[in-house]
Amino acid sequence: MLIVVIGYLYVVGIVGVVALASGHFASGIFTLLFAGLLPTWLWLTILRRKRINHRALLQEQAEAQAAAPPANSEP
């Protein structure tokens, strides 16, 4: 997944640098920010939030299993 992000940022970065080099400064800056950094940050934030929620769910399930009495125990 990280290689896709690196490749995307590379391509958008090259497009932004070419726009900057050709004299379109605003276009280059907006390309770097709004087509490169902002979508990447949002995407990685969403993935991170999903991972945190999944880990919390697994931890809650493990705690519930630890608190539950074993099924085959004799009194």
Side-chain angles (χ1 to χ4, degrees):
M1 215 38 102
L2 188 59
I3 192 73
V4 173
V5 172
I6 292 169
Y8 176 75
L9 286 176
Y10 176 77
V11 170
V12 171
I14 293 298
V15 170
V17 168
V18 167
L20 284 170
S22 66
H24 303 285
F25 296 109
S27 176
I29 298 296
F30 285 131
T31 299
L32 290 173
L33 289 177
F34 294 115
L37 296 178
L38 183 64
T40 303
W41 177 76
L42 288 172
W43 184 60
L44 291 176
T45 302
I46 290 169
L47 288 179
R48 181 176 171 265
R49 177 52 52 194
K50 284 182 182 179
R51 191 178 317 128
I52 289 171
N53 289 341
H54 182 68
R55 286 181 183 169
L57 179 64
L58 290 177
Q59 184 177 4
E60 288 176 4
Q61 289 175 351
E63 290 172 358
Q65 281 183 340
N72 294 335
S73 66
E74 296 180 19

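The figures here come from the full heavy-atom set of this structure, side chains too, leaving out hydrogens, waters and symmetry mates. Treat the numbers as computed from the prediction; the structure is a model and nothing was measured.
In this structure, CG on L47 lies 6.5 Å from CG on L44, to the nearest 0.5 angstrom.
The side-chain heavy atoms of N53 and L57, taken from C-beta on, include no pair separated by under 4.5 Å. Two residues are said to be in side-chain contact when any heavy atoms from C-beta on lie closer than 4.5 Å; I29 and L20 meet this criterion. Between L32 and L37, the closest side-chain pair of non-hydrogen atoms is not below 4.5 Å. Side-chain atoms of Q61 and L58, non-hydrogen and from C-beta on, do get closer than 4.5 Å to each other.
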Stepwise side-chain contact (heavy atoms from CB on, under 4.5 Å) test for V12 and T31:
CA-CA 7 Å; V12 171; T31 299; 4.3 Å; yes

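A chain of hydrophobic side-chain contacts below 4.5 Å, direct or via other Ile, Leu, Val, Met, Phe, Trp or Tyr residues, connects W41 to L33. Hydrophobic clustering of Ile, Leu, Val, Met, Phe, Trp and Tyr side chains at less than 4.5 Å, counting indirect connections, unites Y10 with V18. Y8 and L2 fall into different hydrophobic clusters, where Ile, Leu, Val, Met, Phe, Trp and Tyr residues are linked whenever their side-chain heavy atoms come under 4.5 Å apart, directly or through other members.
Residue I3 qualifies as open at atom CD1: its count of foreign heavy atoms under 6.0 Å is 12 or below.
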